[in-house]
Amino acid sequence: MTTLARTKFQELPILDPDAMARSLQATSDNNTSDIEAGKKVLRDAEDLIRAQQSFAVETTLSGSTYLKMALRAKEAGFAVVVFFVGTTSVEINLARVRARVKLGGHDVPEKDQRRRYPRTLANMRRLLPLADLAFIYDNSTERGHTLVGVGSVGAMQWVEPAPEWVENVRS
(Lines give C-alpha, C1' and ligand atoms only; values in the text may rest on other atoms or scores of the structure.)
Protein backbone atom coordinates (compact mmCIF):
# COMPACT_ATOMS: atom_id res chain seq x y z
CA MET A 1 0.00 0.00 0.00
CA THR A 2 1.33 3.41 -0.86
CA THR A 3 2.06 6.14 1.64
CA LEU A 4 -0.66 8.25 0.04
CA ALA A 5 -3.29 5.55 0.58
CA ARG A 6 -2.25 5.04 4.20
CA THR A 7 -2.58 8.75 4.96
CA LYS A 8 -5.69 9.64 2.94
CA PHE A 9 -7.96 6.67 3.65
CA GLN A 10 -7.45 5.76 7.28
CA GLU A 11 -11.21 5.53 7.91
CA LEU A 12 -12.13 3.46 4.84
CA PRO A 13 -11.64 -0.15 3.89
CA ILE A 14 -8.84 -0.16 1.30
CA LEU A 15 -9.04 -2.84 -1.36
CA ASP A 16 -5.49 -3.53 -2.47
CA PRO A 17 -4.88 -6.56 -4.71
CA ASP A 18 -1.19 -6.78 -3.69
CA ALA A 19 -2.06 -6.79 0.02
CA MET A 20 -4.85 -9.28 -0.65
CA ALA A 21 -2.42 -11.61 -2.46
CA ARG A 22 0.01 -11.48 0.49
CA SER A 23 -2.82 -12.15 2.93
CA LEU A 24 -4.17 -15.08 0.92
CA GLN A 25 -0.69 -16.58 0.56
CA ALA A 26 -0.09 -16.29 4.31
CA THR A 27 -3.30 -18.17 5.14
CA SER A 28 -3.21 -20.77 2.37
CA ASP A 29 -1.22 -23.96 1.91
CA ASN A 30 -1.00 -23.46 -1.84
CA ASN A 31 0.39 -20.67 -3.99
CA THR A 32 -2.52 -18.27 -4.24
CA SER A 33 -2.25 -16.32 -7.45
CA ASP A 34 -2.52 -12.60 -8.06
CA ILE A 35 -5.55 -13.40 -10.21
CA GLU A 36 -7.32 -15.00 -7.23
CA ALA A 37 -6.51 -11.94 -5.12
CA GLY A 38 -7.85 -9.65 -7.84
CA LYS A 39 -11.07 -11.66 -7.99
CA LYS A 40 -11.45 -11.42 -4.21
CA VAL A 41 -10.98 -7.64 -4.37
CA LEU A 42 -13.71 -7.43 -7.02
CA ARG A 43 -16.08 -9.56 -4.92
CA ASP A 44 -15.35 -7.42 -1.86
CA ALA A 45 -15.99 -4.25 -3.88
CA GLU A 46 -19.34 -5.59 -5.10
CA ASP A 47 -20.28 -6.48 -1.52
CA LEU A 48 -19.39 -2.97 -0.35
CA ILE A 49 -21.30 -1.35 -3.22
CA ARG A 50 -24.39 -3.44 -2.42
CA ALA A 51 -24.04 -2.48 1.26
CA GLN A 52 -23.68 1.20 0.25
CA GLN A 53 -20.41 1.35 2.22
CA SER A 54 -17.66 3.68 1.05
CA PHE A 55 -14.28 2.17 0.25
CA ALA A 56 -11.01 2.91 -1.49
CA VAL A 57 -9.19 0.88 -4.12
CA GLU A 58 -5.48 0.92 -4.75
CA THR A 59 -4.63 0.05 -8.33
CA THR A 60 -2.14 0.72 -11.09
CA LEU A 61 -5.19 1.41 -13.28
CA SER A 62 -3.51 -0.46 -16.12
CA GLY A 63 -6.63 -2.45 -17.01
CA SER A 64 -10.29 -1.63 -17.49
CA THR A 65 -11.56 -3.54 -14.43
CA TYR A 66 -11.44 -0.57 -12.07
CA LEU A 67 -12.95 1.76 -14.67
CA LYS A 68 -15.94 -0.59 -14.76
CA MET A 69 -15.97 -0.67 -10.94
CA ALA A 70 -16.03 3.14 -10.78
CA LEU A 71 -18.93 3.24 -13.24
CA ARG A 72 -20.79 0.59 -11.24
CA ALA A 73 -20.25 2.55 -8.02
CA LYS A 74 -21.41 5.77 -9.68
CA GLU A 75 -24.55 4.03 -10.97
CA ALA A 76 -25.18 2.82 -7.40
CA GLY A 77 -25.14 6.42 -6.15
CA PHE A 78 -21.57 6.69 -4.91
CA ALA A 79 -19.46 9.78 -5.39
CA VAL A 80 -16.27 8.77 -7.16
CA VAL A 81 -13.20 10.47 -5.74
CA VAL A 82 -9.91 9.84 -7.48
CA PHE A 83 -6.40 10.25 -6.12
CA PHE A 84 -4.04 9.58 -9.00
CA VAL A 85 -0.27 9.52 -8.71
CA GLY A 86 1.77 9.70 -11.90
CA THR A 87 5.41 9.95 -12.78
CA THR A 88 7.27 11.57 -15.65
CA SER A 89 8.56 8.27 -16.99
CA VAL A 90 8.41 4.54 -16.63
CA GLU A 91 12.13 4.67 -15.79
CA ILE A 92 11.27 6.24 -12.42
CA ASN A 93 8.85 3.40 -11.72
CA LEU A 94 11.43 0.78 -12.74
CA ALA A 95 14.01 2.25 -10.35
CA ARG A 96 11.50 2.35 -7.49
CA VAL A 97 10.44 -1.27 -8.00
CA ARG A 98 14.11 -2.33 -8.02
CA ALA A 99 14.62 -0.45 -4.74
CA ARG A 100 11.50 -2.04 -3.26
CA VAL A 101 12.71 -5.52 -4.21
CA LYS A 102 16.07 -4.86 -2.52
CA LEU A 103 14.12 -4.12 0.66
CA GLY A 104 12.18 -7.38 0.37
CA GLY A 105 9.14 -6.05 -1.47
CA HIS A 106 7.45 -7.63 -4.45
CA ASP A 107 8.80 -7.43 -7.96
CA VAL A 108 6.98 -6.48 -11.15
CA PRO A 109 8.65 -7.59 -14.39
CA GLU A 110 10.11 -4.73 -16.42
CA LYS A 111 8.14 -5.69 -19.53
CA ASP A 112 4.90 -5.48 -17.51
CA GLN A 113 5.81 -2.06 -16.15
CA ARG A 114 6.65 -0.78 -19.63
CA ARG A 115 3.38 -2.15 -21.03
CA ARG A 116 1.29 -0.77 -18.18
CA TYR A 117 2.70 2.77 -18.01
CA PRO A 118 0.96 4.19 -21.13
CA ARG A 119 -2.19 2.17 -20.40
CA THR A 120 -2.37 3.63 -16.91
CA LEU A 121 -2.27 7.19 -18.25
CA ALA A 122 -4.85 6.38 -20.93
CA ASN A 123 -7.15 4.80 -18.34
CA MET A 124 -6.82 7.79 -16.04
CA ARG A 125 -7.96 9.94 -18.95
CA ARG A 126 -11.01 7.66 -19.23
CA LEU A 127 -11.64 7.69 -15.45
CA LEU A 128 -11.42 11.45 -14.97
CA PRO A 129 -14.85 12.17 -16.53
CA LEU A 130 -16.45 9.79 -13.99
CA ALA A 131 -14.84 11.56 -11.03
CA ASP A 132 -16.95 13.78 -8.83
CA LEU A 133 -13.67 15.01 -7.42
CA ALA A 134 -10.10 14.31 -8.53
CA PHE A 135 -6.69 14.99 -7.07
CA ILE A 136 -3.78 14.46 -9.45
CA TYR A 137 -0.27 14.17 -8.02
CA ASP A 138 3.17 14.02 -9.57
CA ASN A 139 5.61 11.74 -7.77
CA SER A 140 8.61 12.10 -10.08
CA THR A 141 11.00 13.77 -7.68
CA GLU A 142 12.36 13.26 -4.19
CA ARG A 143 9.88 15.91 -2.98
CA GLY A 144 7.23 13.21 -3.09
CA HIS A 145 3.59 13.66 -3.98
CA THR A 146 3.11 17.12 -5.48
CA LEU A 147 -0.42 18.24 -6.31
CA VAL A 148 -0.65 19.15 -10.01
CA GLY A 149 -4.41 19.08 -10.55
CA VAL A 150 -7.63 19.19 -8.55
CA GLY A 151 -11.29 19.53 -9.39
CA SER A 152 -14.06 17.73 -11.20
CA VAL A 153 -15.09 17.16 -14.78
CA GLY A 154 -15.08 20.46 -16.63
CA ALA A 155 -13.65 22.26 -13.63
CA MET A 156 -10.16 20.83 -13.23
CA GLN A 157 -7.55 23.30 -12.08
CA TRP A 158 -4.02 22.46 -13.18
CA VAL A 159 -0.76 23.71 -11.73
CA GLU A 160 1.27 25.22 -14.54
CA PRO A 161 3.66 24.31 -15.81
CA ALA A 162 2.30 20.81 -15.37
CA PRO A 163 4.61 17.83 -15.79
CA GLU A 164 4.62 16.55 -19.36
CA TRP A 165 2.81 13.32 -18.48
CA VAL A 166 -0.26 15.32 -17.37
CA GLU A 167 -1.06 16.03 -21.03
CA ASN A 168 -1.87 12.34 -21.35
CA VAL A 169 -4.61 12.51 -18.69
CA ARG A 170 -6.22 15.90 -19.32
CA SER A 171 -9.66 15.61 -20.87
Side-chain angles (χ1 to χ4, degrees), residues 1-22 34 37-38 41 45 54-71 73-74 79-171:
M1 179 184 323
T2 65
T3 302
L4 186 66
R6 280 191 301 271
T7 59
K8 297 289 184 190
F9 307 112
Q10 295 174 10
E11 305 300 318
L12 296 177
I14 299 174
L15 304 180
D16 177 352
D18 292 336
M20 181 67 66
R22 287 189 300 275
D34 291 341
V41 165
S54 296
F55 62 98
V57 177
E58 180 156 343
T59 174
T60 60
L61 202 61
S62 61
S64 62
T65 300
Y66 295 103
L67 294 171
K68 293 173 189 168
M69 181 187 295
L71 182 58
K74 189 130 179 116
V80 174
V81 179
V82 174
F83 288 81
F84 181 78
V85 180
T87 58
T88 300
S89 75
V90 70
E91 302 305 324
I92 292 169
N93 302 356
L94 290 166
R96 290 180 179 166
V97 169
R98 283 191 300 270
R100 178 177 71 204
V101 168
K102 285 181 181 177
L103 296 173
H106 74 281
D107 195 9
V108 178
E110 181 175 338
K111 68 177 184 169
D112 291 348
Q113 291 181 67
R114 290 190 183 283
R115 183 185 76 247
R116 291 173 181 169
Y117 182 82
R119 288 183 5 198
T120 294
L121 296 176
N123 284 335
M124 182 57 215
R125 184 181 193 112
R126 292 173 54 203
L127 179 60
L128 198 54
L130 295 175
D132 293 282
L133 184 59
F135 298 87
I136 312 297
Y137 294 89
D138 179 64
N139 193 23
S140 300
T141 69
E142 295 304 316
R143 287 181 292 157
H145 304 102
T146 303
L147 189 66
V148 295
V150 65
S152 60
V153 177
M156 286 296 295
Q157 300 295 313
W158 299 97
V159 173
E160 298 296 344
E164 188 176 309
W165 66 264
V166 168
E167 291 306 316
N168 293 307
V169 301
R170 290 189 206 214
S171 299

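Because the structure is predicted, anything quoted here is derived from the model rather than measured.
Considering all non-hydrogen atoms of both residues, M69 and V57 come closest at SD-CG2, 3.7 Å. The nearest pair of heavy atoms linking M156 to G149 is CE-C, 3.9 Å.
Atom CG of L61 is separated from atom CZ of R116 by 12.0 Å, given to the nearest 0.5 angstrom. Residue R119 holds its CZ atom at 10.5 Å from CZ of R126, rounded to the nearest 0.5 Å. To the nearest 0.5 Å, atom CG of residue L67 and atom CG of residue L130 are 7.5 Å apart. Taken to the nearest 0.5 Å, the CG atom of D112 stands 4.5 Å off from the CZ atom of R115.
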- request: Evaluate the side chain to side chain contact (heavy atoms under 4.5 Å, CB included) criterion for residues Y117 and L94: first the C-alpha distance (whole Å), next the side-chain angles of each, then the deciding distance (0.1 Å), finally the verdict.
  value: CA-CA 10 Å; Y117 182 82; L94 290 166; over 6 Å; no
- request: Please assess V41 against D16 for the test side chain to side chain contact (heavy atoms under 4.5 Å, CB included), listing each intermediate value before the final yes or no.
  value: CA-CA 7 Å; V41 165; D16 177 352; over 6 Å; no
message: Could you walk me through whether L147 and V159 satisfy the side chain to side chain contact (heavy atoms under 4.5 Å, CB included) test, starting with their C-alpha distance in whole Å, then the side-chain angles of each, then the deciding distance to 0.1 Å, before giving a yes or no?
response: CA-CA 8 Å; L147 189 66; V159 173; 5.6 Å; no
task: Could you walk me through whether M124 and I136 pass the side chain to side chain contact (heavy atoms under 4.5 Å, CB included) test, one step at a time?
output: CA-CA 10 Å; M124 182 57 215; I136 312 297; 3.7 Å; yes
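Of the listed residues (L128, L121, L127), just one forms a side-chain contact (heavy atoms from CB on, under 4.5 Å) with F84, and that residue is L121.
In this model, no donor atom of one side chain and acceptor atom of the other lie less than 3.5 Å apart for R96 and N93.
Checked for salt-bridge contact, R143 and D138 miss the test: no charged N lies under 4.0 Å from a carboxylate O.
The backbone N or O of T87 sits nowhere less than 3.5 Å from a side-chain atom of S89 that would complete a donor-acceptor pair. Looking at T88, its side chain never comes within 3.5 Å of a backbone N or O of S140 through a donor-acceptor pair. T120 places a side-chain N or O within 3.5 Å of a backbone atom of T60 that can act as its donor or acceptor partner. The closest donor-acceptor contact from the side chain of E58 to the backbone of I14 lies at 3.5 Å or more, if one exists at all. D132 places a side-chain N or O within donor-acceptor distance of the main-chain N or O of V80, the cut-off being under 3.5 Å.
Every residue meeting the ring pair (Phe, Tyr, Trp, His ring centres under 6.0 Å) condition with F135, not counting sequence neighbours, appears here in chain and number order: F83. For the salt bridge (charged side-chain N to carboxylate O under 4.0 Å, His left out) test, residues two or more places apart in sequence or in another chain that qualify with E91 are R114.
Other residues, nucleotides and ligands place no more than 12 heavy atoms under 6.0 Å from the NZ atom of K68.
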